[in-house]
Asks: 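First, the structure itself, so that you have it in front of you.
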Amino acid sequence: MLEVSNLRVPLDRLDGTEQSDLAACRHELSRRLGIKPTALGKVELRRRSIDARKKSAIVLMYTVRVDLTQEREAEDRVLARAKKHHDKHVARVRDIPYTLPAQTTSTLERRPVVVGAGCAGLFCALALASAGLEPLLIEQGDDATRRSEAIQTFNQTGVLDPLSNIQFGLGGAGTFSDGKLSTGTKSPAHRLILQTFVDAGAPRNILWDAKPHVGSDILSTVVTNVCQRIRQLGGEVWMRSRLVDIALSDARVQSVTIERTSHDGSLDTLEVATSDVVLACGHSARDVFALLKRLGVHLDRKTFAMGVRIEHLQATIDRAQYGPSAGNPALGAAPYKLVAHLPQGRNAFSFCMCPGGYVVAAASEAGGVVTNGMSLSDRAGTNANAGLLANVFPTDLPGDDVLAGVDLQRSCEHRAFQLGGGQYRAPTQLVGDFLQDVPSSAPGEVLPTYPRGVSWGKLDECLPPYIVDTLRAAIPVLGRHLRGFDEADAVLTAPETRSSSPVRVTRGSDGQSVSTQGLWPCGEGAGYAGGIMSAATDGLDIAQAILRKAESGA
């Protein structure tokens, strides 16, 4: 099999379907490799990206794998021709697929407990179950169906379920933030993760899109099916089950205490003996951070980010990115990724950009407003939105409390609740007014999509001054990078406080907490991931570390 990259296909030969992608690639492969179309066997798409640097001549770039009908001899001729023409983008496939662990004969004395059913926890539990270690996966929120109902109830009534919401429940926060699978990391596990999602119901194009996404309308089904696979492999999954204590002896894990809450409100407290606890509880599990601090587990402050959601008309972003080709079905709704490096030494950047998406009400604590963004699979909403964030450094925080970042997040969320007038309405301001430091009173052309309603005014009072000043300086700079980004009618909705964890549960080279044997910090909440793909990869890595422990008999 050969892999061929840098295949360039003009936009006018595509219609947005997989069939047109394959047909165009077969045509280009025949020309590129100097062989007849009949010599091409199966063609597999591996990567698809958009080159829109020339708005009048957009092309799509492909990497494909192809079998030739005459196999080895034909491959040798093609490779020799590529070498003669100095084509470095044709090569024989040599990679070894990454797979889930096989059943192991090694065992742990007691089954591992995985805390949190976001992507880190799901993939860690999946790998452990595949190896036959029968993990227990606990999640304080609901399954996908009940969780969706709780979110809908909150959006309609303002009645918040603190256990089950945008942050907590099967699939974690990523389930309701579009399911973006882009990552700046590289790992042989990425293909396995994507294929697992496809097998669980995600669209096939995530296997080759350079900026893949699933969509929050599909993710509920996907994570449900992954959860079912864990059970089929011998794992156990408990929903509405919250970690409330960890018993330690000589700095080693002995057991966990789990509080299970039924839907009628009754509580059942259980102690589960275990020597291995994977902490994959996400960046919003503040009760877990407090528990770890009380137990003396080593924690560190880390840099995190806060800011606002910014909304534009999607048509504005499409025109800025694709020019006269905006709206072409082969391109879809345009994304963006922006950063402004400012003279004062701080930066502002876009985060979790949702083409054709919606700003969501992401509170998980009573009396606090939190925003995030999501898109459905078709990305057909009128608006584009993204987080517009600036970093909070450990040196920005007062005192020496390791949870000072959590306190800052919470204070901003509570102040936003007050500014919004209660009922989880969000403070909102037009970009033009924000830049002039004057309050807003009504929307312009861009209508805010935050579901609990908004309160027009000024945002300054619910964010630290260094965040406000950084965003105010950055927006005109970003407008020079992306036409229309700084348009006066764009909408800012505050606050975005949960982009990342303000705490790191510090681990050593073996994957365990530096202070506590048997405690395995994992994923975003522990400070070791920054999105679905990196979190899932970290979950797989921690599972492998636990398997190495089992094999060593430690």
Asks: Could you check whether Arg47 pairs with Asp209 (Lys NZ or Arg NE/NH1/NH2 to Asp/Glu carboxylate O, under 4.0 Å)?
Replies: no
Asks: Does some side-chain heavy atom of Ile193 sit less than 4.5 Å from a side-chain heavy atom of Met533?
Replies: yes
Asks: Is the side chain of Glu259 donor-acceptor paired with the backbone N or O of Leu267 at a distance under 3.5 Å, no angle test?
Replies: no
Asks: Would you say Ser262 and Asp268 make side-chain contact, with heavy atoms under 4.5 Å?
Replies: no
Asks: Using atom types as modelled and distance alone, determine if a side-chain donor or acceptor of Asp396 lies under 3.5 Å from a backbone N or O of Phe393.
Replies: yes
Asks: Check for a donor-acceptor pair, side chain of Ser515 on one end and backbone N or O of His298 on the other, with a separation under 3.5 Å.
Replies: yes
Asks: Are Tyr450 and Tyr358, when compared by the centres of their aromatic rings, separated by less than 6.0 Å?
Replies: no
Asks: Does a side-chain heavy-atom distance below 4.5 Å link Leu248 with Ile246?
Replies: yes
Asks: With Arg504 as the cation and Tyr528 as the aromatic partner, state whether NZ or CZ is under 6.0 Å from the six-membered ring centre and within 45° of the axis.
Replies: yes
Asks: Are Arg191 and Leu207 close enough, and set up right, to give a side-chain contact (heavy atoms from CB on, under 4.5 Å), and what steps lead you there?
Replies: CA-CA 7 Å; Arg191 186 76 180 181; Leu207 293 173; 3.9 Å; yes
Asks: Just by modelled atom types, is the Glu271 backbone N or O under 3.5 Å from a matching donor or acceptor in the Thr257 side chain?
Replies: no
Asks: Which heavy atom of Val198 sits nearest to which heavy atom of Pro203, and what is that distance?
Replies: CG2-O, 3.7 Å
Asks: Using the side chain to side chain donor-acceptor pair (under 3.5 Å) definition, which of the options Thr449, Thr428, Thr371, Asn385 pairs with Arg309?
Replies: Asn385
Asks: Is a donor on one side and an acceptor on the other found under 3.5 Å between the side chain of Glu139 and the backbone of Ala117?
Replies: yes
Asks: Taking all atoms of both residues into account, what is the closest heavy-atom pair of Val288 and Leu279, and its distance?
Replies: CG1-CD2, 4.2 Å
Asks: Without swapping roles, check the side chain of Asp538 against the backbone of Gly523 for a donor-acceptor pair under 3.5 Å.
Replies: yes
Asks: Which of these, Val468, Asp460, Ile467, sits in a side chain to side chain contact (heavy atoms under 4.5 Å, CB included) with Pro464?
Replies: Ile467
Asks: Less than 4.5 Å apart, any side-chain heavy atom of Val406 and any of Asp401?
Replies: no
Asks: Under 6.0 Å from the CD atom of Gln418, do we count more than 12 heavy atoms belonging to anything else shown?
Replies: yes
Asks: Got Gln423 and Phe417 here, is their nearest side-chain heavy-atom distance under 4.5 Å?
Replies: no
Asks: Quick one, Leu291 and Arg294 - any side-chain contact, counting heavy atoms below 4.5 Å?
Replies: yes
Asks: Using the side chain to side chain donor-acceptor pair (under 3.5 Å) definition, which of the options Arg498, Arg286, Gln167, Glu413 pairs with Ser364?
Replies: Arg498
Asks: Quick check against the 3.5 Å criterion: does Ser501 have a side-chain atom that pairs as donor or acceptor with the backbone of His283?
Replies: no
Asks: Please indicate whether Arg252 has more than 12 foreign heavy atoms, meaning atoms of other residues, nucleotides or ligands, lying under 6.0 Å from its CZ.
Replies: no
Asks: Between Phe485 and Tyr336, is the ring-ring contact (aromatic ring centres under 6.0 Å, His included) condition met? List the steps.
Replies: CA-CA 10 Å; Phe485 188 84; Tyr336 61 78; 5.7 Å; yes
Asks: Where the side chain of Arg231 meets the backbone of Val237, is there a donor-acceptor pair that is under 3.5 Å apart?
Replies: yes
Asks: Is the NZ or CZ atom of Arg260 positioned over Trp238's six-membered ring, under 6.0 angstrom from the centre and within 45° of the axis?
Replies: yes
Asks: Quick check on side chain to side chain contact (heavy atoms under 4.5 Å, CB included): which of Asp142, Leu122, Thr175, Leu219 does Leu170 satisfy it with?
Replies: Leu122
Asks: Take a 6.0 Å sphere around CD of Glu109 and say whether it holds more than 12 heavy atoms from other residues, nucleotides or ligands.
Replies: no
Asks: Do Phe176 and Val360 come within less than 4.5 Å of each other through their side chains, counting heavy atoms only?
Replies: no
Asks: Would the number of heavy atoms belonging to other residues, nucleotides or ligands and lying under 6.0 Å from CG of Asp250 be above 12?
Replies: no
Asks: With a 4.5 Å limit on heavy-atom distance, are the side chains of Thr104 and Leu547 in contact?
Replies: yes
Asks: Below 6.0 angstrom between ring centroids: does that apply to Phe154 and Tyr424?
Replies: yes
Asks: Indicate yes or no for a side-chain donor-acceptor contact from Gln314 to the backbone of Gly356 under 3.5 Å, with no hydrogens or angles considered.
Replies: yes
Asks: So Phe123 and Phe197, ring-ring contact (aromatic ring centres under 6.0 Å, His included) or not? Walk me through it.
Replies: CA-CA 11 Å; Phe123 276 86; Phe197 285 141; 5.5 Å; yes
